[in-house]
Each structure stands twice: as structure tokens, then as C-alpha cells.
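Report on one structure; see the data block that follows.
Note: hydrogens, waters and symmetry copies are ignored here, and every other heavy atom, side chains too, is used. Everything quoted here is computed from the prediction, not taken from an experiment. Residue numbers begin at 1 in each chain, while the letters A, B, ... track the order of the sequences.
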There are 2 protein chains.
Amino acid sequence: MPADGGLAVTTDTPTTVEWLTAEQQTHWRAFRGGSARLFAALEHELERDTGLSTHEYEVLVRLSETPDRTLRMAQLADNLAHSRSRLTHTIRRMEEQGLVERLPCIEDARGVNCTMTEKGWQVLVAAAPSHVQSVRDHLVDILTPEQFAALGDAMETVRLHLTGGACHVE
Amino acid sequence: MPADGGLAVTTDTPTTVEWLTAEQQTHWRAFRGGSARLFAALEHELERDTGLSTHEYEVLVRLSETPDRTLRMAQLADNLAHSRSRLTHTIRRMEEQGLVERLPCIEDARGVNCTMTEKGWQVLVAAAPSHVQSVRDHLVDILTPEQFAALGDAMETVRLHLTGGACHVE
DNA sequence: CCGTGGTTGTTGAACTGTCAACCAAACTGT
DNA sequence: ACAGTTTGGTTGACAGTTCAACAACCACGG
């Protein structure tokens, strides 16, 4: 979509920007358009089947992967690439639903430990099959293994570039 | 991220869902995490450099590509994969900024034609170089041409699958 | 100790997107 | 001609996100 500048004809270029070729433009639009529709579809199906948003789902996933199902707010925010503020709001809502709870952190009095409740665990277990199926239906199973692997590798390169290489799991 | 269900150990599976392999999980997480960070970075840089959101930018791009810089609301919404409602709100805001204007449609009295103004055009021309550079910096130029092409091809497959094959330009 | 600066997390206001309800105009079939 | 349905678009209430300001705490150097 945008990367070509959208200028119907590549008119006078005020700066020395190198425009995208027609091919690059096509790929870029496919990537943007495909990603947008894919994430929208996954979001919609998860919401419909389980009542969770993908963000809530991911919070639960991250918590479920630690030994004590607990994570500091900052680590959670970094993992999810969400702002602190956004995470605070999300966690407050999830706490109201009984999916997680917040406890003060002993080692660092500034910190807050976020733990998933038993209910949160059960909600995640109930939601996972549906979501996995969605991901298969709309992405994994419609690509060849090579295509899917190439997709992952390319985006891993992008991620490393953006996080300066120094970054966490996700 | 989620597709593995996040269940630290693949415990008892209540349904007959086929989970993702460790490799698939890795690729899926890379794709989701990389995409999220990439789009966030592009959004942030465009906003910082030009004051436009990527959505507003795309509206202008789409309009700029038609002969008369005009598109029906529904076509615009389809192109962008946005809901009608969302587009109405977006266009109202852009109209207030003088970037576009809405005119009744002659052929179909239900319809509304959205046209980009001269100011809108100039804003787009001014914004494009910066945005193209961002896309190059964070995506196009850090991948090999083959990687980037594979990315585009894969996501085009995804897009076609989601739109039932019958779909527009984007 | 005290102060300075950086980190952690929260808050509230403003903004953006979603959802359901709605109106008006166009098609459809009789 | 005309009820019923579909399409195009808007609206307002609500939910989620961003942003700037803030409070509490750590860490380090005088």
C-alpha cells in the first residue's frame, strides 16, 4: 500500500528517496493487506469462540509458560511489545474478570507480580484448541512448510533488527 | 505466541486439535512478534514525521491512485479492509483537517464520493518519502530480495484465502 | 546522608475503533 | 405499483489505546 508513496506516477521527487520497484510495491501491499486481514480474522474468531481478545490470550500464554505462572509487569509488557500503560489497563480488566491477580513484589518494592489464577488457566486451556485451529486454518495449513518457515525467518530478522538484537523470547 | 496453546507442557488435549510443532510455534511467534513491532515502528515514525496515522496515509494513497482522486466510501472501505463505520469516522476526521471532502454520488443517491483535496495531495507527497524510507529501513532493505518476495507471496496466498479469492487490489 | 537521575507502575483525559441500531435509496418479484 | 430485502452510509454508546503527568522506589556519587 503506502511504500510506493501511492503517487500514481512517480513524479518529481523532492528528496533523494529510493522508491520501491513495482515488484517490491506488490509484495509490500500483499504483506500489509494479508497481515491485517489475518490478524483481524484471528481476533474475530477467538473473540467469538472464547470471549477473549488476542491480547488477553497472549497475556495468559506468557504467564502459563513461567514456572510459577507469574511475571513482573515490565517483563510482560516487553514480551508482548505493549506499553506499560496499556498493560496496566489490560491487566486491570483481566483482574476484574478473575483471570489474573496482582501482588506486590518482595525483591523490588516498585514492582508488581502478575499471576494467572486457576480460572485464568482453565480459560486458556479451553481457548487454546480453537485458536490453534484458527492459526492453522488461515496460515499454517495453507502454506507449504517451506513458505511458512521462510515467513518466520524473515520476520525474525525484522524483529531482531527492531529490538537491536538484544531482546527477549517473543 | 499463542498457537502452541501456551500450555507449557502439551497436556491432555480435550479435543482432536493438532497442535503446532515446536518449529511451527517458533515461526508463528516470530511472525506475530515481528509484524507487531514492524507495524508499530512504521506507525510511530509516520506519525512523528508527518502527523498522519498509517490509516490516514493509506486513505490518501488509495484516492491518489484513481484518475479523479475519488472513490466511493464502500470501495475505500473494501480496499483498506476497514469497516464502514470505521471509515466514516476516519473520513470525518480527515475532512475536518481539510485532507478530503465528501460529495453526494450522482449515479447512486445512497452513495458518497470521497475526494482528496489539493491539500490532501500535498500532504501525501510530503509524507511519502519518509514513509517509504521507513519501510525500506525496517523491512525491504534488511531482507534479501528472495526473502522479501517469499514474504509477499506467502501473504498474498493468505489474503486470497481469506477473501475467498474474489477481491480487489490491495 | 542527601540529591540526582533512572526505573516501575498507575492514572485520567483524549483519541480511535467496534458494535448495533438506524435511515434512505435501490433492487426484487408479483 | 409496491411490500420485502439488500446495499450504502451514518450515528452514538461503549471498549480499548495512547499520551503526558505523576508517585513510589532504587542506585549511584558526592
Non-neighbouring partners of A:H55 that pass ring pair (Phe, Tyr, Trp, His ring centres under 6.0 Å), sequence neighbours left out: A:H82

Qualifying residues under side-chain hydrogen bond (donor to acceptor under 3.5 Å, both in side chains), relative to A:T117, sequence neighbours excluded: none

Rounded interatomic separation in angstrom, taking CD1 from B:I106 and C1' from C:dA26: 16 Å

Aromatic ring pairing B:H27/A:F148, orientation class (parallel under 30°, perpendicular over 60°, tilted between): perpendicular

Outermost DNA chain D nucleotides near chain A [under 4.0 Å, heavy atoms]: D:dG16 to D:dC26

Under the side-chain hydrogen bond (donor to acceptor under 3.5 Å, both in side chains) test, residues paired with A:T50 that sit two or more places apart: none

Nucleic acid footprint by protein, nucleotides 8-17 of chain C - heavy-atom cut-off 4.0 Å, B for base, S for sugar-phosphate alone: BSBBB---SS

Non-neighbouring partners of B:E45 that pass side-chain hydrogen bond (donor to acceptor under 3.5 Å, both in side chains), sequence neighbours left out: B:S134, B:H138

Partner residues of A:E47 under the side chain to side chain contact (heavy atoms under 4.5 Å, CB included) criterion, sequence neighbours left out: none

Qualifying salt bridge (Lys or Arg N to Asp or Glu O under 4.0 Å) pairs, either residue in residues 119-136 of chain A, two or more places apart: A:R136-A:D141, A:R136-B:E18

With sequence neighbours excluded, residues passing side-chain hydrogen bond (donor to acceptor under 3.5 Å, both in side chains) with B:E118: B:Q122

